[in-house]
Chemist: 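Here you go, one structure.
We name chains A, B, ... by the order of the sequence lines, and we start the count at 1 in each one.
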2 protein chains.
Amino acid sequence: MQVQQPSMADRTPIGGAAPGWRAPTATAQVPPRRAPAQEGSLDLLEQFGTRKVVRRGHEFYAAGDPARFCYRIVSGCVRTVGLDEDGRRQIAEFLLPGDLFGFDSLDVHHLSAEALTDTVVVCYPRCAVDALAEQHGGLARRLRDLIRRNLRRAHEKMFLLGRKSAGERVAAFLLEMAERTAPGGAGATCVALPMTRADMADHLGLTIETVSRTMAQLCRDGAIASGKAGTIVIRDREALESFGANTRH
Amino acid sequence: MQVQQPSMADRTPIGGAAPGWRAPTATAQVPPRRAPAQEGSLDLLEQFGTRKVVRRGHEFYAAGDPARFCYRIVSGCVRTVGLDEDGRRQIAEFLLPGDLFGFDSLDVHHLSAEALTDTVVVCYPRCAVDALAEQHGGLARRLRDLIRRNLRRAHEKMFLLGRKSAGERVAAFLLEMAERTAPGGAGATCVALPMTRADMADHLGLTIETVSRTMAQLCRDGAIASGKAGTIVIRDREALESFGANTRH
DNA sequence: CGGCGCGTTGACGCTGATCAAGTTATGTGG
DNA sequence: CCACATAACTTGATCAGCGTCAACGCGCCG
């Protein structure tokens with residue numbers, strides 16, 4: 001396991017005036033996105049946020065680290081990773097601009113969080129989060145609901161991993177990424193996939209080869225097309241939605 | 001999907017006298033258990049709790065129901081179930097005496113909860129939970145941590161489903177059940193398995209046959225022995241812990 | 001140029017699903 | 001209490017989805 005602790009020196013107070021964290025760097029292919037309404041209203045926290053940049057491949061925290069900070073992604077992409085002693089890896093989620101992470105750990109992180117691309121985050125001290133939540137029932141409620149939503153997504157992923165075929169998993173993943181980057185998009189949607197095939201495989205409980213083959217199949221079927229530099233285009237959403245359902249009969 | 005709503009008539013205030021619910025039927029092998037320390041201290045809630053009995057095979061709530069109540073199990077055993085349109089099923093967790101459930105749903109339950117055996121619960125109105133949490137930061141914090149623990153367990157299960165062999169899944173499940181019913185137990189431990197093979201299969205992402213075969217193998221290896229009426233005995237914990245690790249090399 | 005990371009494609013085999021009996025529990029009505 | 005029906009479990013034979021191993025192409029960078 002890599003244990004590169006990125007320098008803390010680039011953390012700067014956000015204190016006063018205009019939010020300076022509005023995506024100055026354009027490193028990531030993933031465009032900055034407004035936080036969705038249900039997660040956006042943790043405004044009370046903003047005054048405690050500090051900006052931080054983590055370079056591609058580096059960790060925000062490792063499994064086992066004390067949970068001292070929570071994060072909101074401004075730009076870039078992050079994965080949360082579980083590793084076991086044999087080197088087997090499970091990626092719990094990919095996080096995109098607007099997403100929050102680190103809020104659902106107990107005192108100690110049980111997964112590590114790693115930057116897939118150069119990533120800009122706002123970073124909230126855990127003690128500030130807890131203190132604010134102690135005083136403001138509304139914030140506590142929103143935090144609770146945030147973790148609840150994560151739990152619901154985890155349950156959906158358990159279903160995916162336990163009960164769906166390789167084709168269904170890949171198709172569902174692509175649709176999920178599409179929905180997250182362009183909510184409600186209907187026609188041909190361009191989806192950025194900033195992660196490697198290995199990342200997708202470790203997220204979907206498959207191997208690199210199976211992911212690759214499945215996507216090739218989807219291309220042949222005309223459901224998707226491969227765009228430039230880690231993007232795909234969804235051409236036929238319905239084909240994607242029903243893909244692999246026939247595999248398990 | 002079965003939509004039997006058990007009668008609400010058998011709900012009675014908890015205040016009263018001797019618990020007449022001490023397992024009249026011998027279906028439930030799971031003995032009552034004290035709530036573990038970290039979950040037990042939701043004491044503020046107790047005054048709002050009402051007792052309720054749900055018979056084996058009946059639902060506490062269905063997926064899609066508004067989340068009006070949360071529950072603590074007094075005796076019995078519960079499963080939380082996700083179902084899809086094809087009839088594929090995923091059991092997120094099995095819940096034992098002392099366990100809490102229903103706390104991690106948003107406004108609407110996304111899984112259904114069904115009694116595996118005749119089950120006695122204490123039932124807390126969601127509005128009371130929320131109102132109390134609004135006023136008592138400490139309670140809110142404990143609720144948050146409760147949901148966080150559930151999320152961590154969900155992540156561990158994602159790892160199990162995505163990355164472990166059939167043997168490892170079954171072995172891990174038996175060890176988990178052992179740990180939950182007899183924490184820290186060292187020697188030969190007797191473990192109640194109040195669920196069917198189909199339940200185990202739908203929890204572990206396997207088929208009935210594979211579960212059955214794997215347990216037969218474990219018996220042959222002397223790691224476990226089958227006891228009476230849905231119980232097994234763990235004879236060799238280390239053999240169990242390393243079982244199936246060789247299968248995937 | 002050559003090494004390296006990443007992705008693709010093919011051949012083959014194994015784990016676990018599927019199909020099919022058959023046996024043992026569980027429950028029900030006589 | 002037994003007879004019967006049904007659910008739950010076990011075991012075997014066969015199959016296929018996906019993993020494994022291997023080779024190769026491509027873009028990037030020193």
Chemist: If we ignore angles and hydrogens, is there a donor and acceptor under 3.5 Å between the side chains of B:Ser105 and A:Arg152?
Modeler: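 Side chains of B:Ser105 and A:Arg152: no pair found under 3.5 Å.
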
Chemist: For B:Asp118 and C:dG27, what is the distance between atoms CG and C1' respectively, to the nearest whole Å?
Modeler: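 Taking atom C1' of C:dG27 as the reference, CG of B:Asp118 is at 14 Å.
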
Chemist: Can you find a side-chain donor-acceptor pair between B:Gln217 and B:Thr214 that sits under 3.5 Å?
Modeler: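 B:Gln217 vs B:Thr214: no donor-acceptor pair found between side chains.
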
Chemist: Answer yes when A:Asp84 and B:Lys164 have at least one side-chain N-carboxylate O distance shorter than 4.0 Å, and no when they do not.
Modeler: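 No, no charged N to carboxylate O under 4.0 Å.
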
Chemist: Could I get a table of every N or O pair under 3.5 Å where one atom is in the protein and the other is in nucleotides 23-25 of chain C?
Modeler:
none

Chemist: Could you tell me whether A:Gly205 contacts a base, only the sugar-phosphate backbone, or nothing, with contacts defined as non-hydrogen atoms closer than 4.0 Å?
Modeler: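 Sugar-phosphate contact only.
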
Chemist: So, does B:Arg79 use its side chain to make a donor-acceptor pair with the main chain of B:Ile91 at under 3.5 Å?
Modeler: no

Chemist: Mind jotting down which residue pairs meet the ring-ring contact (aromatic ring centres under 6.0 Å, His included) criterion with at least one end in residues 167-194 of chain B? Sequence neighbours excluded, please.
Modeler: B:Phe94-B:Phe173, B:Phe173-B:His203

Chemist: May I have the distance from A:Leu204 (atom CG) to D:dC18 (atom P), rounded to whole angstrom?
Modeler: 12 Å

Chemist: Using a strict threshold of under 4.0 Å (side-chain N to carboxylate O), is an ion pair present between A:Glu176 and A:Arg180?
Modeler: yes

Chemist: Taking only residues two or more places apart in sequence or in another chain, which ones pass side chain to side chain donor-acceptor pair (under 3.5 Å) with B:Asp202?
Modeler: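 Listed in chain order: A:Arg163, B:Arg89.
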
Chemist: Please walk me through it: do A:Val170 and A:Phe243 pass side chain to side chain contact (heavy atoms under 4.5 Å, CB included)?
Modeler: CA-CA 9 Å; A:Val170 172; A:Phe243 185 79; over 6 Å; no

Chemist: Distance check needed: D:dA7 P versus B:Leu116 CG, whole Å only.
Modeler: 18 Å

Chemist: For B:Arg237 and B:Thr189, which I'm curious about, is there any donor-acceptor pair between the side chains at under 3.5 Å?
Modeler: yes

Chemist: Whole angstroms only, please: what is the CZ-P distance between A:Phe243 and D:dG17?
Modeler: 12 Å

Chemist: Using modelled atom types and a 3.5 Å cut-off, is there a donor and acceptor pairing between side-chain atoms of A:Asp236 and backbone atoms of A:Glu238?
Modeler: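 A pair under 3.5 Å: yes.
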
Chemist: Can you tell me how far P of C:dA17 sits from NZ of A:Lys164, to the nearest Å?
Modeler: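 That distance rounds to 17 Å.
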
Chemist: Inspect the contact between A:Asp118 and A:Arg56 and indicate whether a charged nitrogen and a carboxylate oxygen are less than 4.0 angstrom apart.
Modeler: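 Result for this pair is no, no salt bridge flagged.
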
Chemist: Assign a letter to each nucleotide of nucleotides 24-30 of chain D from its 5' end: B, base within under 4.0 Å of a protein heavy atom; S, sugar-phosphate only; -, no contact.
Modeler: -------

Chemist: Between B:Glu93 and B:Arg153, does at least one N-O distance fall below 4.0 Å, as a salt bridge requires?
Modeler: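 Looking at B:Arg153 together with B:Glu93, the answer is yes, because their closest N to O distance falls below 4.0 Å.
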
Chemist: Take the C1' atoms of the five end pairs on each side of the helix from C:dC1-D:dG30 to C:dG30-D:dC1, derive the two axes, and give their angle rounded to 10 degrees.
Modeler: 40°

Chemist: Measure from CZ on B:Arg163 to P on D:dG19 and round the result to the nearest Å.
Modeler: 8 Å

Chemist: Does the protein touch nucleotides 3-9 of chain C at the base, only the backbone, or not at all? Give it as B, S and - per nucleotide, heavy atoms under 4.0 Å.
Modeler: ----SBB

Chemist: Would you call A:Arg72-A:Asp99 a salt bridge at under 4.0 Å N-O?
Modeler: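 Looking at A:Arg72 and A:Asp99, the cut-off is not met.
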
